Amino acid sequence: SSTPSNGSEQADSRLSKLPPVYFWQCSLSKLDLSNNSLVSHTEVIIMDDDEDEEIDEDDCYALFPNVPKKSRKSSQKHNLSASHDLGWMSVSGSQNAGSAEFQAGEVEEMRFPVQRFATSLTYLRLDNNKLENIPPSVCQMQALVHLDLSHNPDLSFFLPSLGNLRNCFQIGIRGLSITNVPKELLPGSSNGNTRRTLAFLRATLRQSEPYNRIKLMVVGLEARGKTSLLARLRGEPLPSNVSTDGVKVDNWMLKSPAQPAAKTGGIFRRISTVAPAPVDYGPIVLSTWDMAGQVDYYATHQCFLSANTLYLAVWKLTSGESGVANLKTWLVNIQARAPGSPVIIVGTHLDQLSQNASERKKYLCRMNELIQSSFIDQKGYPRIVGVVEVSNTRLDGIDTLQKKIYDAASNITDPDSKEKLVRRQVPASYLALQQAITERAQEMKETGAVP
């Protein structure tokens, strides 16, 4: 590999001794230790910064004949490759007052100088060695972007603390059989990557548990049947016809549907974003946010629109073209506050359309065409993942909407980690805190106390 002018190429050096600590006074940006015989309980670099020993500098540079001599206090960054037959990874030292003698054949646990390399080392190759697990100090190299662990035949376990490498975008695992990370998360699988692997390890480090909870926000104009729609989705009777004040937050446990959401005519044939095949993730708890439709609340509603949320944009089928047009404000606000969020457009009051089947079908087709041309795959709008027509009175379309909600919620991913929100790992302490708050809120509600 190419080496900058202030660096040094040490490939094929056939080193046999470990250099003293002051050899590493410079801050490395790249370190290639591949194709050697490193073992898991022996690390590459010894001694902490505060260790001070007098070692013959000529002896040191005899080990690295291609490295230009630098001051012990040098702060320049270098590339250092010591690949191929590096012999100083399984040695121990007997240290005297004036010198250090390193003898092959003995093993001593060693550490990277974390304080020196943590913010400078971005590239580290440990592939083609004999590691059985990852040296713990590697997990403290916060600047690492590339880490290659490939072809260490006995390496089958990733330390959870490896998840602390938040800047790492690429971990090489060719030839490895990792047993403590799900295969579908590992780099090289169809849905796996380094980010997902590290996120899983961080969750393990925090003693995390799977979390099946998704936020569901229902938005739309006043008197469009939003509260009644939520009641029907939960299997409850129709509530009294009273307008919602502000925001009403509740929970709804949605069981896995037996069949995938039906794809009927009209809009479903033309939605370009096709959801993956449904997967059974078990019951999903939806935190439902019923947003009041009165104009007085519009300014504050924007404060609650957030990412990692599924939205139902509700309109009244009998309002025709004007009803579709009124969806624009909600959809634009969702895209502004939570770009790319999934939205299901729900038309209510299906039972109030013409009872003539042919006329009703023709009308719905025309409305669906209008939604298609106005909002789906159009710039400035969120991701429309479904269009459903329902009747809160006769329950028409409710089952279809439940299945569509389950499928959409199952496929929401975090915009940063790309990890699916359903079954994501959440620290157990967070869940305990949530439970404590929920119980306290219930106590206050029962006693009439002010929150």
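Because the structure is a prediction, the values reported are computed rather than measured. Position 1 is the first residue of the sequence, and the numbers go up from there.
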For residues 428-441, the side chain to side chain donor-acceptor pair (under 3.5 Å) pairs (sequence neighbours left out) are Tyr211-Gln434, Gln435-Glu439, Arg440-Glu443
Quick one: list whatever passes side-chain hydrogen bond (donor to acceptor under 3.5 Å, both in side chains) with [X], sequence neighbours left out.
X: Trp252; result: none
X: Asn333; result: none
X: Thr309; result: Ser306

For a 4.5 angstrom cut-off between non-hydrogen side-chain atoms, does [X] reach [Y]?
X: Phe158; Y: Leu149; answer: yes
X: Val332; Y: Tyr381; answer: yes
X: Asn212; Y: Arg423; answer: yes
X: Val426; Y: Arg206; answer: no
X: Arg232; Y: Glu236; answer: no
X: Ile412; Y: Val422; answer: no
X: Ile344; Y: Val387; answer: no

Does a salt bridge link Arg174 with Asp148, judged by any charged N lying under 4.0 Å from a carboxylate O?
-> yes
Residues passing the side-chain contact (heavy atoms from CB on, under 4.5 Å) test with Lys255, sequence neighbours excluded, are none
Once you round to the nearest 0.5 Å, how far does [atom1] of [X] lie from [atom2] of [Y]?
X: Ser410; Y: Ile284; atom1: OG; atom2: CD1; value: 3.5 Å
X: Leu305; Y: Gln335; atom1: CG; atom2: CD; value: 11.5 Å
X: Leu286; Y: Arg213; atom1: CG; atom2: CZ; value: 9.0 Å
X: Lys404; Y: Leu312; atom1: NZ; atom2: CG; value: 12.0 Å
X: Leu205; Y: Phe200; atom1: CG; atom2: CZ; value: 12.0 Å
X: Thr122; Y: Leu147; atom1: OG1; atom2: CG; value: 11.5 Å

Taking all heavy atoms of [X] and all of [Y], pick out the closest pair and write down the distance.
X: Thr197; Y: Leu185; answer: OG1-O, 2.9 Å
X: Pro342; Y: Val385; answer: CB-CG1, 4.0 Å
X: Arg196; Y: Glu184; answer: NH1-O, 4.2 Å
X: Asn180; Y: Leu201; answer: ND2-CD2, 4.3 Å
X: Val343; Y: Ala313; answer: CG1-CB, 4.0 Å
X: Val218; Y: Lys226; answer: CG1-CB, 3.8 Å

Within the side chain of [X], is there an N or O that forms a donor-acceptor pair under 3.5 Å with the backbone of [Y]?
X: Ser29; Y: Leu121; result: no
X: Asn152; Y: Leu155; result: no
X: Tyr311; Y: Leu331; result: no
X: Ser374; Y: Ile371; result: no
X: Asn128; Y: Asn35; result: no
X: Thr179; Y: Ser156; result: yes
X: Asn129; Y: Leu131; result: no
X: Thr348; Y: Trp315; result: yes
X: Gln402; Y: Leu254; result: no
X: Asn193; Y: Pro187; result: no

Should Ile178 and Phe157 be marked as a side chain to side chain contact (heavy atoms under 4.5 Å, CB included) after you check the CA-CA gap, both sets of side-chain angles, and the distance that decides it? CA-CA 5 Å; Ile178 303 302; Phe157 182 87; over 6 Å; no
Just by distance, with hydrogens left out, do Thr227 and Asp290 show a side-chain donor and acceptor under 3.5 Å apart?
yes
Assess Lys215 against Trp289: is NZ or CZ under 6.0 Å from the centre of the six-membered ring, and within 45 degrees of the ring's axis?
-> yes
Inset, instruction - Using the side chain to side chain contact (heavy atoms under 4.5 Å, CB included) rule, take Ile345 and Ile384 through it: C-alpha gap first, then chi angles, then the decisive distance, then the call. - result: CA-CA 7 Å; Ile345 295 178; Ile384 309 300; 4.1 Å; yes
I'd like a table of donor-acceptor pairs (distance under 3.5 Å, sequence neighbours excluded) in which one partner is a side-chain atom from residues 161-170, with atom names and distances.
from   : atom 1 : to     : atom 2 : distance (Å)
Asn164 : ND2    : Ser161 : O      : 3.3
Asn167 : ND2    : Gln142 : O      : 2.8

Problem set entry | CD/Gln302: more than 12 non-hydrogen atoms of other groups inside 6.0 Å | yes
Using the rule given for side chain to side chain contact (heavy atoms under 4.5 Å, CB included), can you reason through Asp250 versus Arg234, listing the C-alpha separation, both sets of side-chain angles and the distance that settles it, and then say yes or no? CA-CA 11 Å; Asp250 210 335; Arg234 291 192 293 258; 4.3 Å; yes
For Ile214 and Ser287: C-alpha separation, side-chain torsions, deciding distance, then whether side chain to side chain contact (heavy atoms under 4.5 Å, CB included) applies. CA-CA 6 Å; Ile214 299 290; Ser287 176; over 6 Å; no
